[in-house]
2 protein chains.
Amino acid sequence: MQVSIFVLPTQKNMTTKDKIIELGRDYVQRLGYHSFKYQLIANDLNIKNAAIHHYFPAKEDLGVAIIEKDRSDFKLLTESIKKHPLKDQAEALLTLYINYYNQKKNLCIVGACVSAFAELPEKMALASQNHLETIQTWLINLLKQGQASGEFRFKEKPEDLAALWISALPGALQSAQIKGEAHLMQVITQLRQTLKTQQPT
Amino acid sequence: MQVSIFVLPTQKNMTTKDKIIELGRDYVQRLGYHSFKYQLIANDLNIKNAAIHHYFPAKEDLGVAIIEKDRSDFKLLTESIKKHPLKDQAEALLTLYINYYNQKKNLCIVGACVSAFAELPEKMALASQNHLETIQTWLINLLKQGQASGEFRFKEKPEDLAALWISALPGALQSAQIKGEAHLMQVITQLRQTLKTQQPT
DNA sequence: TTTGCTACTTACATGCAAGTAAGTATCTTT
DNA sequence: AAAGATACTTACTTGCATGTAAGTAGCAAA
């Protein structure tokens, strides 16, 4: 299920527009929305600043495109594994964050958005709201299925547990910048235990 | 134990320097470090921009002062309640975050620092590292005491549980901007349950 | 072949935030 | 009363990021 940790940000057969979105997402996840600049992407692609404005007139437009790409990727991922055991599906979310850490991306896109929310353009605020909603809904559903099937045996409300997961993961990824990978793994260990899956004997 | 939710950011008997730190902390918690500007504080205090540079030559200097003030306040708070029941001491941390939310501060200082960490001046990075360390150490200690006394009956390692708390609280505060107060309360509910305190019958 | 579209470059305008240098008013100490 | 320190203001520099206007090169369709 896990392909490669070090995915190349851009590939030859991608259009410039798509490369801009990919590189933009990278920088947003490393630096945050307000600290990422068109110039960084322009340098990487050996094009001029204004070329990016050709595709995305305002930074806000690129911001929205990045969020929607990330949301779309999330949907593709969850769709592709929806027949897998529920525990594996939950693990896929955890793996996502471990991969971010290994790629030195200490913000997930949703985390980057909420941590800059007060200064976010309105369209980006709406897009990030939709993105978070998508993740939350998927997770709640997963937890409900697991509770119903007995694959998970937690006593809490699925909504409450989902809230914990979608707060703790972005938070742990952020603080792992200071406390290191072990910190992220401690949080993930705790989250795994909340599911109360059958212990392998 | 809880004084007033709506504490005035500055008071008459404070020095200008202290007012700058307090207002700075407010703005950092609302906007994030890179989005808060000297001009905002200058307007609030009816002074000129350059007056702030008189006290804090570089923005980084004010940043460090804000973090150290926050850390100092945290130490004062925990010191002042160290004789209280352990459960109440844990509740005090939760209350801190509920108060932040009610004051529309959707970043704690540590959260503001880690979410902007890659672009943070070195002195601020160190200061925030110390701040986080202080909170973590306090919490681990509290959990260990509670485990020893039987006031808490969790089975996890105190370190792991502490990691969850200090990731989930900043994360929940941030995402509460999108998902509302109920979301924060769901996370807090889950964290309370991790302590496995005696249920009141 | 000419018309037009796509994908850019060149060159520039704008605005803003950080920071500095020099001056002034007031209060403090000797 | 003189000297210095404190708490600012005025006026300015610098640099950078966003964004725009106008031009160009190449391919694509009519």
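For C:dC8, the OP1/OP2 oxygens have a side-chain nitrogen or oxygen of A:Thr16 closer than 4.0 Å. Side-chain nitrogen and oxygen atoms of A:Tyr55 include none within less than 4.0 Å of the OP1 or OP2 phosphate oxygen of C:dT6.
With salt bridges taken as basic N to acidic carboxylate O contacts below 4.0 Å, none links A:Lys19 and A:Glu22.
Summarising the geometry, the separation between CD1 on B:Ile47 and P on D:dA7 is reported as 12 Å, rounded to the nearest angstrom. In this structure, B:Tyr27 places its OH atom 16 Å from C1' of C:dA17, rounding to the nearest Å. In this structure, A:Leu45 places its CG atom 13 Å from C1' of C:dA7, rounding to the nearest Å. Rounded to a whole Å, the NZ atom of B:Lys17 is 15 Å from the C1' atom of D:dC8. Protein atom NE2 of B:His54 is 13 Å distant from nucleotide atom C1' of C:dT26, rounded to whole Å. Note: NZ (B:Lys48) to P (C:dA18) measures 16 Å, nearest angstrom.
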Under 4.0 Å protein heavy-atom contacts per nucleotide of nucleotides 18-29 of chain D, with B for base, S for backbone only and - for none: SBB---------
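Scanning for salt bridge (charged side-chain N to carboxylate O under 4.0 Å, His left out) contacts around B:Lys82 gives B:Glu79, with sequence neighbours left out. B:Phe152 meets the ring-ring contact (aromatic ring centres under 6.0 Å, His included) test with no other residue; sequence neighbours excluded.
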Audit row: A:Lys37, A:Gln39, side chain to side chain donor-acceptor pair (under 3.5 Å) steps and yes/no: CA-CA 5 Å; A:Lys37 320 280 151 131; A:Gln39 196 55 53; over 6 Å; no
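No hydrogens or angles considered: a donor-acceptor pair under 3.5 Å links the side chains of B:Lys179 and A:Gln136.
In this structure, A:Lys123 contributes its side chain and A:Gly63 its backbone to no donor-acceptor pair below 3.5 Å.
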